[in-house]
Structure formats: structure tokens, C-alpha cells
Undergrad: 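Here you go, one structure.
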Amino acid sequence: PGSALGPPPGGASSAPPAAAAMAGSAPPAAARLARLRVPLLLFMLSEELTRALVPGFARELALQGSSAPSVSPDLLAGLPIVVFMAVVALGQPVLAVWSERTGRRRALAWGVALGGAGLVGAATASGLAGFVTWRALAGLGWAMVFVAAQGTVVAHTAPSERTRAFAGFVSAILVAGVCGPPLGGMVADHLGTRWGFVLAGSVAGLALLAVRLLPADPRPVPGGAPGPTAPPPLTHRALPRLLRHRGFVQVTFGAALPAKLLLAGLCFYLVPLVLAAQGAPAAATGRAQMVYALALLAVMPLATRAAERGVASARLVGSGLALSTLGGLGLAALAAAGWPPGSSVAAIVVAMAVLGAGQGLSIAAQSALLTAWCADETDRHGTGALLGFYRLFERLGNASGPLVAGALAAGLGAGGAFGALAGGVLVTAVLFLWFSRREGATA
């Protein structure tokens, strides 16, 4: 791309001397992005190491004290996840602007440092309130890292190159999701939960060292060709317009938000609590969450190929969402049967595989479907607000999943929560497919 990192499209001779000198001293964009993967992978791994530990540790802290808590410990166990996800969701639009003004390398360093501090602080928490506060700090750090890394990809790639560049960005998150939960669970089983958070904070420390080795952000060169810029920040004025757009509402509230609600409610909240209540080690929870990530990674390329061969994106989205609920419904049936001996861990692993397969089938086509159904919006106003609010509501689904699942578990028990949450999302999936067919959507 034509930026201070290299010559503009017209060739090196068209760049001013200062820009040419800058291009000779600064790493190429591809090398810069390749070097970003190491700190990004380490930081994402640090957070994923705690994925299997948070609900059980929060429940343990909620049960401590001289008097019984007035709110169900199972419901309180979801509070740290809700707060973490809410900070991530609500902080990213503001932090994206802050990251660009501060400098992305510096923003990345701040995010890694705050995230690591939140992980180490969680290990020292003596009560639920303190633990939730440290998780909020970790969520702020995670959001900072995400927007800084995303902004780096956008700033150093041309639009035609970003799909491939973002694939490397997403792969770091997915690889961390595969490796982190079982490793964190094994450490917790052998050394204790608090040491699992200490290990996670140590890995974040390594990520901070890797950030320090990144090249400094290039300074803008007067008269140089402008490079790619990030999409404009969200504005509240665009939201009412989008909420009146049928395509945006159907994809966002009919598919994306329910999918994330199901994921966070089942995989991140109910499964760890159920396995802990049955005496399973934390490593078993980590392996179940690893199976989810593996199934997701396996199915996403297949879904992409299916879309390339002409399978309607709406069908992929709706069918994947429906498939992802079957595991939860199966767990509800097993809970109703009293969890036959020896069945719970194996059944949960299978359910997580089904959840991952369904999510992979659905997620692969959601963005394409959104832009196809909202083509008039993108033609008139661009994709900035469209994708920004879509991602915001998607992350709010992540934040609300443990809260909804916890409320259902408090009233119906774990088995009833599995059934009610999965059944509700299944109804949403059926309605999504029905509306898609009714409108003749073949995007």
C-alpha cells in the first residue's frame, strides 16, 4: 500500500525523499504484521488459560463468608464473565479512536499490561467483588489489545489484502482457544486455581516483552501518499437507521446475537459449573472447551467452500444455528434422566463438538449475508457503522449469555437451563430460516 512503509503505487521514484528514506528504514507491512502474531498469540493464550477456571472460582468465592449469599451462587458465578464481556463490548468503539491517537504499538502495550495485571490480581482476590473488579480490568486490557491489533492490520494492508491478513489475526485467537483451556485446567488441578491465574499473568508478561520488540509506529511523512485508514467510528445517529433496516435486524438479532448468547451461556458458563459440581477436574472442562474450538476450526473451511459452490448464506447461517442447539438439548435430556453414571463428561464433550460445528457453519456466512442483505446501507453510508454495530450487538450476546443461563439455572436447575437456552435459540433459528425463505433470500 502507498504509505510511509513503502512506495506508493506509482513506484519509488514518485515518493518524496523523506518517504523513500522512511521506507528503507521501516519494516515492510507484511513483516510488521507477521511480528504482531507472537504477542497477540501469547496474550490471547493468557486469557484462554483461565477460560475453564472463572465460573468455578467465582462460585467458590460467592460461597465464602459468614452468611449464606442472598443471591444464588450459580447466578453469581456468571457475574465475572458478564462484566468481562460487557467491558469488551462497550469499550471497543471508544478504544478504537483512542488507539489510533495514542499509537497502536503503545496501545497494544497498555492493553497487554492491564490484561496481565487483571489476571495476576484475580489470583489474589479474597472475595467475589474483588474478583469481578480484576476481571473488568482484564476485559479492558483485552479490548485494548483487540482494537490495537485490528487497527494495525487495517493500517498496513490495502482493502484487497485484508481478508488474508485478518485470517492470520483470527487464527491467533482460535489457536489460543484450542490450547489454553486444557493447559489452564491441568495447572489448576495440580497446583490450585489461583496458580492458574498466576500462570496466565506470566504468559501475559511474555506477551508484553514481545510487544516491546515490535517496531515503533511509523511517523506520518509530509507530502507522502496516504495509507489505508480505519473505518470511521460508530455514531449514535446511525443506530436508529440500522434498527429500521430489516436485513440488519434479521442477521443481528435473529442469528448473531443468539449464537453468541448460546456459546457464552453453554460453553463458558454452564459446562464448567456442571462438571465442577460433578467432581470432574478443571482439565476436563478445558478439554471440552478445546473440542468446541477444534470443531469450529474444522467446519469453517467446509462452510466457506459450500458458500463458494452456491449454497445460500442464509441457509448456512440458519442451519448452523439450529445445529448448535442440539448438543444443549441432548444435555437437557441427560439431566432429566439423572445424569446416568459415566455419561456426563463424554456427553458434554460431544455437545461441545456439535456446538462448535454449528457455530462454524453459521459464523462463516454471517458477515457475507449481512453485507448482501444491507447492500443499500453500504452503498449509501459505507460499512463502518453497519459492521461496528453488528459486532457490538454480537458481543452483547456474549455478555448476556452467562446472565441468562445463570437466571435459568437458578430457577430450573442446570438441566432445565440447558434445555431452555438451547430450545429458545432453536426457535430463533427456525424463525430465521422461515423469514429467509419467505423473502426469497438467496444471498
Side-chain angles (χ1 to χ4, degrees), residues 36-55 80-81 84-85 88-89 111-112 115 119 135 138-139 141-143 145-146 149-150 166-188 196-197 199-201 203-204 206-207 256 259-272 275 282-304 320 324 327 348-364 366 391 394-395 397-399 401-402:
L36 175 65
R37 291 175 189 170
V38 175
L40 183 63
L41 175 60
L42 287 172
F43 179 77
M44 293 300 172
L45 179 62
S46 72
E47 183 57 43
E48 291 294 338
L49 285 167
T50 69
R51 182 73 68 191
L53 313 180
V54 171
I81 307 175
F84 179 94
M85 297 291 188
V88 169
V112 172
L119 291 167
R135 291 305 294 156
W142 198 98
V145 169
F146 187 91
Q150 181 176 253
F166 274 118
F169 175 74
V170 172
S171 67
I173 301 175
L174 294 177
V175 169
V178 170
C179 301
L183 290 175
M186 285 190 289
V187 171
F197 284 100
L199 172 65
V203 174
L206 294 176
K260 294 302 183 183
L261 188 149
L262 182 70
L263 168 63
L266 260 65
C267 186
F268 301 156
Y269 175 76
L270 284 175
V271 162
L275 287 176
T285 299
R287 286 191 294 269
Q289 293 176 333
M290 177 187 71
V291 167
Y292 161 79
L294 287 172
L296 179 71
L297 282 169
V299 171
M300 281 186 70
L302 302 178
T304 302
S324 66
I348 284 175
V349 168
V350 172
M352 291 300 97
V354 173
L355 176 64
Q359 294 268 331
L361 191 64
S362 179
I363 289 172
Q366 277 182 25
R391 295 299 181 194
E394 188 181 48
R395 294 182 185 110
N398 264 333

Undergrad: In chain order, what residues pass the salt bridge (Lys or Arg N to Asp or Glu O under 4.0 Å) check against Arg391, with sequence neighbours excluded?
TA: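 Arg391 satisfies salt bridge (Lys or Arg N to Asp or Glu O under 4.0 Å) with Glu394 only.
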
Undergrad: Thr50 side chain to Glu47 main-chain N or O, any donor-acceptor pair under 3.5 Å?
TA: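 Present.
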
Undergrad: Mark yes or no for whether Thr304, through its side chain, and Met300, through its backbone, hold a donor-acceptor pair below 3.5 Å.
TA: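 Side chain of Thr304 to backbone of Met300, a donor-acceptor pair under 3.5 Å: yes, one is there.
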
Undergrad: Is there side-chain contact between Val112 and Pro39, with at least one heavy-atom pair below 4.5 Å?
TA: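 Counting from C-beta outward, Val112 and Pro39 never come under 4.5 Å.
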
Undergrad: Evaluate the side-chain proximity of Phe43 to Leu206: yes if any heavy-atom separation is below 4.5 Å, no if none is.
TA: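 Heavy-atom side-chain distance check fails, nothing below 4.5 Å.
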
Undergrad: Closest heavy-atom contact between Cys267 and Leu355?
TA: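 Shortest heavy-atom separation between Cys267 and Leu355 comes out as CB-CD2, 4.0 Å.
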
Undergrad: Looking at every non-hydrogen atom in both residues, tell me the closest pair between Ala149 and Leu36 and how far apart they are.
TA: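 Nearest pair, atom of Ala149 first, then Leu36: O-CD2, 4.0 Å.
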
Undergrad: So Gln289 and Pro272, do their side chains get closer than 4.5 Å, heavy atoms only?
TA: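 A side-chain contact exists here, since the closest heavy-atom pair is under 4.5 Å.
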
Undergrad: Measure the CG-CG distance between Leu361 and Leu302 for me, rounded to the nearest 0.5 Å.
TA: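 Result: 9.0 Å between the selected atoms.
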
Undergrad: Is the backbone of Ser324 close enough, under 3.5 Å, to the side chain of Gln359 for a donor and an acceptor to pair up by distance?
TA: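 No, Gln359 side chain to Ser324 backbone: no donor-acceptor pair under 3.5 Å.
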
Undergrad: Under a 4.5 Å cut-off applied to non-hydrogen side-chain atoms, are Arg135 and Leu119 in contact?
TA: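 Side chain of Arg135 against side chain of Leu119, heavy atoms only: contact under 4.5 Å found.
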
Undergrad: Pro181 versus Thr285: any side-chain heavy-atom pair under 4.5 Å?
TA: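 No, every pair of side-chain atoms sits at 4.5 Å or beyond.
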
Undergrad: Indicate yes or no: at least one non-hydrogen side-chain atom of Val354 is less than 4.5 angstrom from one of Tyr292.
TA: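 The answer is no, as the side chains (C-beta and beyond) never meet within the 4.5 Å cut-off.
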
Undergrad: Atom CG in Leu40, atom CD1 in Ile173: separation rounded to 0.5 Å?
TA: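 One gets 6.0 Å once the value is rounded to the nearest 0.5 Å.
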
Undergrad: Can you name the nearest heavy-atom pair linking Ala293 to Val178, along with the distance?
TA: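 Nearest heavy atoms, Ala293 then Val178: CB-CG2, 3.5 Å.
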
Undergrad: Hey, what do you get for CG (Leu262) to OG (Ser362), rounding to the nearest 0.5 Å?
TA: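 It comes to 10.5 Å.
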
Undergrad: Looking at side-chain heavy atoms only, is the closest gap between Phe197 and Leu53 below 4.5 Å?
TA: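 The answer is yes, as the side chains (C-beta and beyond) meet within the 4.5 Å cut-off.
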
Undergrad: Rounded to the nearest 0.5 Å, how far does CE of Met290 lie from CG of Leu183?
TA: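 Spacing of CG (Leu183) from CE (Met290) equals 9.5 Å.
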
Undergrad: May I ask you to test the Arg287-Val349 pair for a side-chain heavy-atom distance under 4.5 Å?
TA: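 Side chain of Arg287 against side chain of Val349, heavy atoms only: no contact under 4.5 Å found.
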
Undergrad: Quick one: closest heavy-atom pair of Ala264 and Asn398, and the distance?
TA: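 So the minimum-distance heavy-atom pair works out to CB-O, 3.2 Å.
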
Undergrad: Looking at every non-hydrogen atom in both residues, tell me the closest pair between Val54 and Pro80 and how far apart they are.
TA: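 So the minimum-distance heavy-atom pair works out to CG1-CB, 3.9 Å.
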
Undergrad: Rounded to the nearest 0.5 Å, how far apart are SG of Cys179 and CE of Met44?
TA: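 If we round to the nearest 0.5 Å, Cys179:SG and Met44:CE are 14.5 Å apart.
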
Undergrad: State, to 0.1 Å, how close Ala200 and Leu49 come at their nearest heavy-atom pair, and which atoms those are.
TA: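 Looking at all heavy atoms of both residues, the shortest contact is CA-CD1, 3.9 Å.
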
